[in-house]
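Keep in mind that this is a model prediction, so the values were computed, not measured. Residue numbers start from 1 in every chain, and the chains themselves are labelled A, B, ... in the order their sequence lines are given, proteins ahead of strands. FYI, side chains are in, hydrogens and waters are out, and symmetry mates aren't considered; it's all heavy atoms of this structure.
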2 protein chains.
Amino acid sequence: MTDDTPRQRRGRQLPTVDELRIWREFIETADTLRAELASRLQSETSLSTGDYSVLLALSEAPDQRMRSSELAAGVGWERSRLSHHLARMEKRGLIRREECATDNRGAEVVLAPAGATAFRGATVPHLRAIRELFVDALTPEQLAAAGDLATALRARLAQ
Amino acid sequence: MTDDTPRQRRGRQLPTVDELRIWREFIETADTLRAELASRLQSETSLSTGDYSVLLALSEAPDQRMRSSELAAGVGWERSRLSHHLARMEKRGLIRREECATDNRGAEVVLAPAGATAFRGATVPHLRAIRELFVDALTPEQLAAAGDLATALRARLAQ
DNA sequence: CCCCGGTGATTGACGTGTCAATTATTGGCA
DNA sequence: TGCCAATAATTGACACGTCAATCACCGGGG
């Protein structure tokens, strides 16, 4: 890493050239990685990573069913996004939506048989790809550093 | 980090629970970070990060103009994606498209005055946000580790 | 009891991304 | 010269994401 020039550092308001280079490499790499994972999942199983997240959450839920809001919280999405996604998944027969008995405003999302089957078939290939492209690409120290980075960045984002 | 159980490690085909947790934290954090940066840029300057990338590349090009293919390579996008994006940017008056004199198939993308103005106004807030949410959230060691991670992951992706 | 603010969820509009197909043109080669 | 595979770029269809608006229903204070 080269030294910062006085101009670059003045007031510490803007990143230096080196900092900016690391930022770009970091975010572009993370993006490429996600795109590659998504593309493999899609071509091997006809599921998107969004589908996978939803099916994972439903699979782990008691009775394979969840209130829409819980599901949104579980996968960390806005409700509107989930609603659109569920509409597409329902059209493909992966999930069903039912009225909620205890709250007439609410909806329950139920894992459909086709969804369960698709999820079972997707798990191993997907986890294998994560190992290949992420875990095995890093030394144990780098893997630990990745967790460390995530924690530090998340702390700042949460402020 | 807890020890791996024999089951989790057998054959080293699938990630362990700990590896998977780090993966999720890493990719979700990177995603949240990008979303936050995009959201700030959008609300402060009415530019998307895609707009910003295109305007940055054009600003640095001689005569503020580039062949469509060069531009695609410069920002690392597929040509189709660029084509769609340029159509939207042209509609907003940020860029213009002209025929290429030396190759009738080709198109030249030209930075329009409105695009130059928008880009000038966006640079400082955007770089400030990158410093705040990324650079300043990390120790120097963590920042170096981020660059290191990107290099290792990119090497695997390039295979 | 009724009103009304808050909540669960959906919808519509629009920007963004990918894939496959298409159009127009180029350049090399028989 | 004339053919044709490769190339530049666009297009259409569709999945995905966000924002703001909307609808229906809940529940508590007058």
Side-chain angles (χ1 to χ4, degrees), chain A residues 28 31-54 65-92 94-110, chain B residues 28 31-54 65-92 94-110:
Chain A
E28 280 169 14
D31 204 36
T32 306
L33 182 53
R34 182 202 6 268
E36 177 64 22
L37 257 297
S39 161
R40 290 193 185 195
L41 186 62
Q42 184 76 252
S43 70
E44 290 169 7
T45 71
S46 304
L47 292 179
S48 68
T49 54
D51 299 334
Y52 187 87
S53 299
V54 168
R65 65 171 54 223
M66 286 177 89
R67 287 290 297 271
S68 205
S69 297
E70 295 173 61
L71 185 51
V75 298
W77 291 355
E78 291 179 11
R79 277 214 298 258
S80 151
R81 175 177 175 186
L82 180 64
S83 201
H84 284 298
H85 205 99
L86 291 178
R88 291 186 295 262
M89 292 182 75
E90 189 166 31
K91 206 182 315 182
R92 294 191 286 149
L94 299 173
I95 56 115
R96 283 194 335 269
R97 281 190 277 198
E98 295 180 358
E99 292 171 8
C100 175
T102 64
D103 186 336
N104 285 321
R105 291 168 302 182
E108 286 211 314
V109 185
V110 189
Chain B
E28 280 169 15
D31 204 35
T32 305
L33 182 52
R34 181 202 5 267
E36 177 64 22
L37 258 298
S39 162
R40 292 193 185 195
L41 185 61
Q42 184 76 253
S43 69
E44 289 168 9
T45 72
S46 303
L47 292 179
S48 69
T49 55
D51 299 335
Y52 187 87
S53 299
V54 168
R65 65 172 54 223
M66 286 177 89
R67 286 289 296 271
S68 204
S69 296
E70 295 173 61
L71 185 52
V75 298
W77 291 356
E78 292 179 11
R79 278 212 299 249
S80 151
R81 176 177 174 186
L82 181 63
S83 200
H84 284 299
H85 204 98
L86 291 179
R88 292 186 295 263
M89 291 181 75
E90 189 166 31
K91 206 180 317 181
R92 294 192 286 148
L94 300 173
I95 55 116
R96 283 192 337 268
R97 281 189 277 197
E98 295 180 358
E99 292 171 7
C100 174
T102 64
D103 186 336
N104 285 321
R105 291 169 302 184
E108 286 210 314
V109 184
V110 189

Can you tell me how far the [atom1] atom of [X] sits from the [atom2] atom of [Y], to the nearest 0.5 Å?
X       : Y       : atom1 : atom2 : value
A/Leu71 : A/Trp77 : CG    : CH2   : 8.0 Å
B/Ser48 : B/His85 : OG    : NE2   : 4.0 Å
B/Glu70 : B/Leu82 : CD    : CG    : 11.5 Å

Would you mind telling me which of [options] lies closest to the side-chain atoms of [X]?
X        : options                : answer
A/Asn104 : C/dA9, D/dC25, C/dT18  : D/dC25
B/His84  : C/dT10, D/dT11, D/dT10 : D/dT11
A/Ala107 : D/dA20, C/dA9, C/dT25  : C/dA9
B/Arg105 : D/dG17, C/dT10, C/dT25 : C/dT25
B/His85  : C/dT26, C/dG17, D/dT18 : C/dG17
A/Arg88  : D/dA15, C/dA20, C/dG17 : D/dA15
A/Ser80  : C/dT18, C/dT11, C/dA9  : C/dT11

*For A/Val54, which of A/Leu86, A/Leu47, A/Thr49 qualifies under side chain to side chain contact (heavy atoms under 4.5 Å, CB included)?*
A/Leu86
I need the [atom1]-[atom2] distance between [X] and [N], as an integer number of Å.
X        : N      : atom1 : atom2 : value
A/Glu99  : D/dA24 : CD    : P     : 14 Å
B/Met89  : C/dG17 : CE    : P     : 12 Å
A/Leu82  : D/dG17 : CG    : P     : 11 Å
B/Asp31  : D/dG17 : CG    : C1'   : 11 Å
A/Arg81  : C/dA9  : CZ    : P     : 17 Å
A/Glu108 : C/dG8  : CD    : P     : 14 Å
B/Arg79  : C/dT22 : CZ    : P     : 17 Å
A/Lys91  : D/dA13 : NZ    : C1'   : 13 Å

_Closest-nucleotide mapping onto DNA chain D: is B/Ser39 or B/Asp103 further toward the 5' terminus? I mean the 5' end._
B/Asp103
_Could you report the tightest heavy-atom contact between A/Ile95 and A/Val109, atom names first, then the distance?_
CD1-CG1, 4.1 Å
*Return the minimal non-hydrogen interatomic distance between A/Arg97 and A/Ser83, and the atom names on each side.*
NH1-O, 3.7 Å
*Give, ordered by number, those residues of residues 40-54 of chain A having at least one heavy-atom distance below 4.0 Å to an atom of DNA chain D; if nothing qualifies, reply none.*
A/Ser48
*Where along residues 69-77 of chain A does a heavy atom fall under 4.0 Å from DNA chain C?*
A/Ser69
*Has A/Arg97 got a side-chain N or O lying under 4.0 Å from the OP1 or OP2 atom of C/dT10?*
yes
*Contact check, side chains of A/Arg40 and A/Thr45, non-hydrogen atoms, under 4.5 Å*: no
*For the side chain of B/Asp31 and the backbone of B/Glu28, is there at least one donor-acceptor N/O pair under 3.5 Å apart?*
no
*Has the side chain of A/Ser39 got a donor or acceptor atom that lies under 3.5 Å from a matching backbone atom of A/Ala35?*
no
*Of B/Arg96, B/Arg67, B/Arg65, the residue whose pairing with B/Glu108 passes salt bridge (Lys or Arg N to Asp or Glu O under 4.0 Å)*: B/Arg65
